[in-house]
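These notes are about the structure you will find just below.
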Amino acid sequence: MHAPHIIIYIGRRLSRNARLAALFLCMAAGLQLTTMAQQTNYNMELTKQLEIFNAVCYELHLNYVDSLDAKKRINEALDYMLEQIDPYTEYYAKEEVEDLNTMRTGKYAGIGSPIQYRKDLDCAIFSGPYHDMPAYRSGVRSSDRIISVDGHVVCGEKPTDTQSYLSDITDRLRGEPGTTVTVELKRPRLATPDNPDTLQAITLSIVRDQIYRPDVLLAKMLDESVGFIYLTGYTEHAADNFKKAVQALKSQGMKSLIIDLRDNGGGLLNEAVDLVGLFVKRGSEVVSIKGRHEETNYTYTTSAAPIDRSMPIVVLTNYGTASAAEITSGALQDLDRAVIVGNRTYGKGLVQTSTETPSDGALKYTSAKYYIPSGRCVQALDYVHRGEDGQPTHLADSLCKDFRTAAGRIVRDGGGITPDVTVPLDTLPSMITYLGYSPQLFDWAALYHHAHPSIDSPEKFRLSPDEMEDLKAYLVSHGFKYDDQSKQRVAYIREWAKLEGYEEEAAGIFDQLEKILTRDINKDFARWNDYIRETAENMIIANYYDESGCAEYNLRNDPVLEKALSILRSPERYSNILKGK
């Protein structure tokens, strides 16, 4: 029996709604069918509901006051119906199938740069063009505004549907390798004492190529004996590329390994199995999938000889560690082959299968749950039994069951992988969150890139005090705003005090609190200077060294990494954790 083709990852959550969608909901409420009579009744009900849907669509097509876009309305109905099932079941129209293939392979043909819509500019911009890819090699840089593509003007359209607007531009930028696309850009230039901010018009001819984003983003020695590998996904060949990284580090003297799976959303299940197989004996069970039909159930075991069964390993996880990454971390934990350090993982224990649909579309749907070697399922949310608010329910900790690892350590189900050693999360001030997503910081970092041909390596780069002052001045002059949650809460309590008759007595206290809590960017810059510096340096480094440079920069002052190193540097502690002591 051949293993089924499985895709397992966190999918995008669609948000489209449609009035016609209600007619589809009955199709998603299927009961467990155990008899032929039940199957017959279900088939009859399905046929009946589809007839109703067809009749409604046809009537609207003939007599609705305005012309309706049939494709758009039907796709909205499909999206809404599937959204009610779970966030991973999705329909891909013909023009979207390439996106599904890209998720699986990590490859596509194009110029190699994400784009985003900037509402404040009413324009799409390039955001982080990949280094060593056509766009970057041709001169595209972050914050470049896309004016036209092959003569088709795309700026200033004020799109009503941002997703469709960006998809249209993406389709125009993509194409067969070797073909050329001409892009007209406008690049911001920093204001000088004599001139305000200006825009430089640029026209570039970019030769498309096959684009591939590696899953192994960073592999390096942290000291003379500890190696580090940052894995960001599980597309095709991820395990093989990971194996090559391990072998390269071994040649440099690696005696122990840290695998960073933080914010790894998953990918292909078989790649996770093969990766685990690098470190455990051949024939070890890694994961089992169990679906509605017994004939589709399957147990995955390792098939290749391992490259190292004894080297100490620590795996780093957080809430962004999901699906295939949870199989890796969970299996290594259940087989007592690695110590897990960090924070609890996402809890995605569902498996998706893709199939073709009429008109060259595709359906990706949840077909099974998976179970790691101890027998536990890590799924956190129940999408079938929802609460009164319509939201999926979460299994209470009190109802979680105990399972045992190969060595007898107790592990639990109920959602995600709980680390062997948990490191408390650092709490960031809200200003930093707003700053990290602000267009002002994005633009300032891009302007910094234009003005400085090179910077120090990610390990050494630092912004000077004068540059930090320049950043603050730019944020102020370009309208950077950040939410004052505490002040809003005071206003909320003041309103309730008014309703309950305490307004006069408490007015002075409220006035004093609001004065204290009024935002002052000068004070906040001083108070949160280290956080602001790290956020700004990270964004600048991305412009010079791509994602791998950011990964290297973020190894500095990383408490989870420091905890992992301390465990590996104490063989006795490492051994005791795996023994459950």
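Every value quoted in this text rests on a predicted model; they were computed, and no experiment measured them. Along the sequence shown, residues carry numbers from 1.
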Should Leu60 and Tyr58 count as side-chain neighbours, where that means a heavy-atom distance under 4.5 Å? no
Exercise: do Tyr117 and Asp122 side chains pair donor with acceptor under 3.5 Å: yes
Any donor and acceptor pair, going by atom type alone, linking the side chain of Ser284 with main-chain N or O of Lys281 inside 3.5 Å? yes
Donor-acceptor under 3.5 Å (Glu326 side chain, Lys348 main chain): yes
If we only count heavy atoms from C-beta on, is the Asn264 to Tyr234 side-chain gap below 4.5 Å? yes
Taking C-beta and beyond as the side chain, do Thr301 and Val286 meet within less than 4.5 Å on heavy atoms? no
Indicate yes or no for a side-chain donor-acceptor contact from Thr89 to the backbone of Thr366 under 3.5 Å, with no hydrogens or angles considered. yes
Got a donor-acceptor contact below 3.5 angstrom from the Arg104 side chain to the Thr235 backbone? no
salt_bridge(Asp334, Arg404) N-O dist < 4.0 Å: no
I'd like to check Asp263 versus Thr232 (side-chain heavy atoms, cut-off strictly below 4.5 Å). Are they in contact? no
With heavy-atom distances below 4.5 Å as the criterion, would you say the side chains of Pro134 and Val207 are in contact? no
Val183 versus Val140: any side-chain heavy-atom pair under 4.5 Å? no
Is there a donor-acceptor pair under 3.5 Å between the side chain of Thr170 and the backbone N or O of Leu166? yes
Begin from the C-alpha positions of Ile169 and Ile115 and carry the test side chain to side chain contact (heavy atoms under 4.5 Å, CB included) through to its verdict. CA-CA 9 Å; Ile169 297 176; Ile115 62 173; 3.7 Å; yes
Which atoms form the tightest heavy-atom contact between Val560 and Gly342, and what is the distance? CG1-CA, 4.0 Å
Just verifying a value: how many Å separate Leu268 CG and Leu275 CG, rounded to the nearest 0.5 Å? 12.5 Å
Where do Phe442 and Phe126 come nearest, in terms of heavy atoms and distance? CZ-O, 4.0 Å
Stepwise side chain to side chain donor-acceptor pair (under 3.5 Å) check, Thr40 with Asn43: CA-CA 5 Å; Thr40 300; Asn43 290 342; 5.7 Å; no
Evaluate whether atom NE2 of His394 has more than 12 neighbouring non-hydrogen atoms of other residues, nucleotides or ligands under 6.0 angstrom away. yes
When you compare the side chain of Lys369 with that of Ile289, does any pair of heavy atoms fall below 4.5 Å? no
Do NZ/NE/NH1/NH2 and the carboxylate oxygens of Asp120 and Arg145 come within less than 4.0 Å? no
Without swapping roles, check the side chain of Asp546 against the backbone of Ser548 for a donor-acceptor pair under 3.5 Å. no
Using a 6.0 Å distance limit plus a 45 degree cone around the ring axis, check whether Arg376 lies over the aromatic ring of Tyr371. no
Determine whether a donor-acceptor pair (N or O, by modelled atom type, separation under 3.5 Å) exists between the side chain of Glu547 and the backbone of Leu217. no
Do Arg213 and Tyr130 meet the cation-pi criteria used here (NZ or CZ under 6.0 Å from the six-membered ring centre, within 45° of the axis)? yes
Please report the shortest heavy-atom distance between Ile146 and Val154, naming the atom on each side. O-CG2, 3.4 Å
Of all the heavy-atom pairs spanning Tyr370 and Ser323, show the shortest one and how long it is. OH-O, 3.4 Å
Would Lys107 and Glu236 pass as an ion pair if we require N to O under 4.0 Å? no
Does either side chain, that of Thr302 or that of Arg282, offer a donor lying less than 3.5 Å from an acceptor on the other one? no
Is there a salt bridge (Lys or Arg N to Asp or Glu O under 4.0 Å) between Asp274 and Lys243? Walk through the geometry before answering. CA-CA 10 Å; Asp274 291 345; Lys243 178 181 178 180; over 6 Å; no
According to the interplanar angle, ranging from 0 to 90°, do the rings of Tyr319 and Tyr346 count as parallel (below 30°), tilted (30 to 60°) or perpendicular (above 60°)? tilted
List the steps and the verdict of side chain to side chain contact (heavy atoms under 4.5 Å, CB included) for Ser354 and Leu100. CA-CA 9 Å; Ser354 60; Leu100 181 62; 4.1 Å; yes
Among Asp150, Asp168, Asp99, find the residue that satisfies the salt bridge (charged side-chain N to carboxylate O under 4.0 Å, His left out) test when tested with Arg174. Asp99
Distance alone, cut at 3.5 Å: any donor-acceptor contact between the side chains of His385 and Asp382? yes
For the pair Glu51 and Lys48, find out whether any cationic side-chain nitrogen is under 4.0 Å from an anionic carboxylate oxygen. no
Is Ser142 reaching over with its side chain to a backbone N or O of Ser127, donor-acceptor style, under 3.5 angstrom? no
No-hydrogen, no-angle side-chain donor-acceptor test under 3.5 Å, Thr345 and Thr321: no
Just do the side chain to side chain contact (heavy atoms under 4.5 Å, CB included) check on Val378 and Asp413 with the steps written out, would you? CA-CA 6 Å; Val378 302; Asp413 65 358; over 6 Å; no
Pairing residues for Asp260 by the salt bridge (charged side-chain N to carboxylate O under 4.0 Å, His left out) criterion, not counting sequence neighbours: Arg262
Distance in Å, Ile206 CD1 paired with Tyr136 OH, rounded so as to fall on 0.5 Å steps: 13.5 Å
Quick one: OG1 on Thr328 to CG on Leu231, what's the gap to the nearest 0.5 Å? 7.5 Å
Heavy-atom neighbours of Glu95 CD exceed 12 at 6.0 Å: yes
Would you say the side-chain atoms of Glu90 and Tyr92 include a donor-acceptor pair closer than 3.5 Å? yes
In terms of heavy-atom contacts, does CD of Glu500 have more than 12 from other residues, nucleotides or ligands at under 6.0 Å? yes
Can Glu59 and Asn63 be counted as having a side-chain donor-acceptor contact under 3.5 angstrom? yes
What do you reckon, is NE2 of His152 surrounded by more than 12 foreign heavy atoms closer than 6.0 Å? yes
Contact summary for Ser374 and Val411, nearest pair of heavy atoms: OG-CG2, 4.0 Å
How long is the gap from OH on Tyr91 to CG on Leu82, to the nearest 0.5 Å? 10.5 Å
Could you tell me if Lys364 sits above the aromatic ring of Tyr88, with its cationic atom closer than 6.0 Å to the ring centre and no more than 45 degrees from the axis? no
Without swapping roles, check the side chain of Arg172 against the backbone of Ser148 for a donor-acceptor pair under 3.5 Å. no
Any side-chain heavy-atom pair of Gln333 and Ile417 under 4.5 Å: yes
Closest approach of Ala324 and Gly267, non-hydrogen atoms and distance? CB-N, 3.6 Å
Should Tyr300 and Leu269 be marked as a side chain to side chain contact (heavy atoms under 4.5 Å, CB included) after you check the CA-CA gap, both sets of side-chain angles, and the distance that decides it? CA-CA 9 Å; Tyr300 290 79; Leu269 182 148; 3.5 Å; yes
